[in-house]
Amino acid sequence: MNFTRWSARLPGTQRRAAARTDPAVSPDRRPDGSVPAARVEQLTDEAPPVPAVDDLPVRDVLGRVPALVALVHGPDHRLAYVNDAYVAAFGMRDLGARAREALPELDEPGLFPLLDQVQRSGRPRTLKSRKAPDGRSYTFTCTPVTEGDGSGDRGVLVFATDVTDHAEAAARLRASERRQRETAVTLQRSLLPQELEEPDDLRVAATYHPGGTEAAVGGDWYDVITLGGGRTALVIGDVMGRGVRAAAVMGQLRTAVRAYARLDLPPHEVLQLLDGLATEIDANQIATCVYAIHDPNEGRLVYASAGHLPILVRDENGTVQRADEPTGPPLGTGGWVHTSGSISLAPGSTAVLYTDGLVERRDEDLDEGIAALERALSGATGTPQVICDRLVRSAGVTPDHDDDVAVLVLQHPARTGADAELFRNAALELLGGVEAAPRARAFASGVLASWRFPPDLHDLGVLATSELVANSLQHGTPPMRLRLRRTDRRLIIEVTDGDDHMPRRRRAEPGDESGRGIAIVATIATNWGSRRTPGGGKAVWCEFVLPKP
């Protein structure tokens, strides 16, 4: 084929007309016909004429460029030309043959459908960074060309630029980012509880889903902490930011929450301590958090929120309620006094704590996401794990989700039949006076006998009751109350009074007449502790693990 019949429309090239000189005026003469005095010097210094673009031979231009060039023509894309760079990369090619037979190396990058598209549309198309059979990566640009004789026959110029170095650099960058993400995910998962604690009165389940491969791991976390005395602390939080740093801050906050929880403080006081710690960890890092405490004797969830999303509670009839207030600013902002609120968690209820990845979408208002979660929760039944999985699916969380998701589900089951026999409560108001201690011992003995405890556990329970009541009578103030509680796993004895002086275990000297009561309780019981009550005063408790049947 005659190559000169084809005109390549190369992008960015502008044709310029060749400069023409007037033959009537010689460049060596002045307009008046005289010869310049310095003619020899001008001939020596004059630059050679620059050819215009139209005067350059196209074959020479394409043959010298380092990119790979091939020209096909006609509806069946017959090969018309390949340049030296193409021959060096893939070898000699038979001109006139169909492109599918003459240029098989273009099949793997997917160029043949593109040739048809360019020829039909008359518009250039580009495929970026495609790997060819020679192992190198190329960016292919297919440009339509037309016959120079005006016949209108079309061809396609294939222009391939070697981008192997760029592709390898991008692959190394992606591999590095993938390793960093895997490190952050591993750190995040290692800092989350490997196995949730199992409270006696609650059933709990939790799940964590890291963001997709294009999103760095955030700082979402959750935890379940048994406080003793039948009470349970539940916490969920989200550290702002992403990557290893956010996961590390999350780990420090989670460890601090567990330490502060052992102090058995009200939820708002725990958040106050966390707020100061978050500022010390990183003044530029903030976190949202909800800390809640469940007391089975109260049937309520007492909570405090630091800028976190509201807890949702579904009752046994399917009605969902939000725990919207009170809410303080996120942790790390400082200077704010958090307050505690409460929401009913009666038997048969289910509560959900979650992070913003479950309900927040770029194209939706946050309230719409929470409302959708409420609808999903109202119809969710089954175990906490089943409900947890259902809520995640209903929110459309997939492996390529753009944010971390943490969900904590807890149920306060309604027990009936034989199961209800394993969970009992008994209480006695202590009016004071010399008869209070004997009445408390007799009451405890009767209750423990009715619960059919073995004799050794019965005697230990009566002794612990006697010591706790005696301590309250001596150091406390009215009103005083004794409460016995049994679960399927433990016996809990608790005495409350109106004095907020916390007892402590100490070593009594041989001559001391008091100071041995708490030491005796700590020795015979599995665990013991004390806490301040919301209305003022304190509660001192101990518990015994029941023998397995």
Side-chain angles (χ1 to χ4, degrees), residues 205-212 215 218-222 234-242 246 250 267-268 271 274-275 286-292 300-333 336 338-346 349-381 384 386-398 400-411:
T207 186
Y208 169 74
H209 293 269
D220 296 13
W221 93 91
Y222 55 83
L234 307 118
V235 60
I236 195 164
D238 184 3
V239 177
M240 301 297 104
R242 298 183 180 277
M250 177 274 291
H268 64 275
L271 291 191
L274 282 177
D275 184 38
I286 63 174
T288 63
C289 179
V290 166
Y291 182 85
R300 301 189 68 79
L301 200 63
V302 181
Y303 67 91
S305 174
H308 203 79
L309 299 172
I311 301 173
L312 302 182
V313 177
R314 174 188 182 273
D315 63 20
E316 57 183 352
N317 299 319
T319 303
V320 178
Q321 182 180 2
R322 286 190 197 184
D324 278 322
E325 298 294 340
T327 299
L331 304 176
T333 55
W336 185 269
H338 293 83
T339 57
S340 294
S342 67
I343 187 170
S344 175
L345 191 69
S349 299
T350 300
V352 178
L353 292 77
Y354 52 96
T355 57
D356 57 0
L358 186 67
V359 295
E360 190 174 29
R361 300 294 181 269
R362 295 180 180 177
D363 55 347
E364 292 182 1
D365 185 76
L366 183 59
D367 285 336
E368 295 179 5
I370 298 176
L373 182 62
E374 288 179 346
R375 293 191 294 270
L377 177 60
S378 64
T381 57
V386 170
I387 295 176
C388 202
D389 296 338
R390 180 172 178 177
L391 295 180
V392 170
R393 287 196 304 270
S394 68
V397 177
T398 59
D400 57 350
H401 196 61
D402 61 357
D403 195 5
D404 290 21
V405 174
V407 184
L408 177 62
V409 176
L410 57 135
Q411 284 181 341

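Each residue takes its place number in the sequence, starting with 1. In what follows, every heavy atom counts, from backbone to side chain, and hydrogens, waters and symmetry copies are set aside.
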d(L309 CG, D324 CG) to nearest 0.5 Å is 10.0 Å

task = Output, in order, the C-alpha distance, side-chain angles, deciding distance and verdict of side chain to side chain contact (heavy atoms under 4.5 Å, CB included) for Y303 and I311.
result = CA-CA 9 Å; Y303 67 91; I311 301 173; 4.0 Å; yes

Minimal heavy-atom distance between Q411 and P384, with the atoms involved, is OE1-CD, 3.4 Å

**Prompt:** Going through the distances and angles, do D220 and V405 end up as a side chain to side chain contact (heavy atoms under 4.5 Å, CB included)?
**Reply:** CA-CA 7 Å; D220 296 13; V405 174; 5.5 Å; no

- prompt: Is any side-chain heavy atom of H338 closer than 4.5 Å to a side-chain heavy atom of P329?
  reply: yes

Exactly one of R314, Q321, R322 clears side-chain hydrogen bond (donor to acceptor under 3.5 Å, both in side chains) with E374, and that residue is R322

Value for CG (L234) from OH (Y291), rounded to nearest 0.5 Å, stands at 9.0 Å

* Determine yes or no for a side-chain-to-main-chain donor-acceptor pair under 3.5 angstrom, with D275 supplying the side chain and G332 the backbone. => yes

SG of C388 to OH of Y354, rounded to nearest 0.5 Å, is 13.5 Å

Heavy-atom nearest pair, W221 first then V239, reads CZ3-CG2, 4.2 Å

Closest heavy-atom pair, I236 versus A406, reported as atoms and distance to 0.1 Å, is CD1-O, 3.6 Å

Closest non-hydrogen atoms of I387 and A380, given as atom of the first, atom of the second and distance, are CG2-CB, 4.0 Å

S344 and V313 have their tightest heavy-atom pair at O-CG1, 3.5 Å

In this structure, OG1 of T398 is separated from CZ of R393 (nearest 0.5 Å) by 14.0 Å

- Would you check, one step at a time, whether the test side chain to side chain contact (heavy atoms under 4.5 Å, CB included) holds for L345 with L410? CA-CA 10 Å; L345 191 69; L410 57 135; 3.7 Å; yes

From the list L353, I343, L377, T350, side chain to side chain contact (heavy atoms under 4.5 Å, CB included) with L312 holds only for L377

Separation between CZ (R375) and CD1 (I370), nearest 0.5 Å, reads 12.0 Å

For T327 and E325 the tightest heavy-atom approach is N-OE1, 3.6 Å

Partner of H308 under side chain to side chain contact (heavy atoms under 4.5 Å, CB included), picked from V235, L271, V290, is V290

Rounded to the nearest 0.5 angstrom, the CZ-OG distance for R300 and S349 is 10.5 Å

For T319, is there any backbone N or O sitting under 3.5 Å from a side-chain donor or acceptor partner on N317? no

Any side-chain donor near an acceptor of the partner, D238 and T355, under 3.5 Å:
no

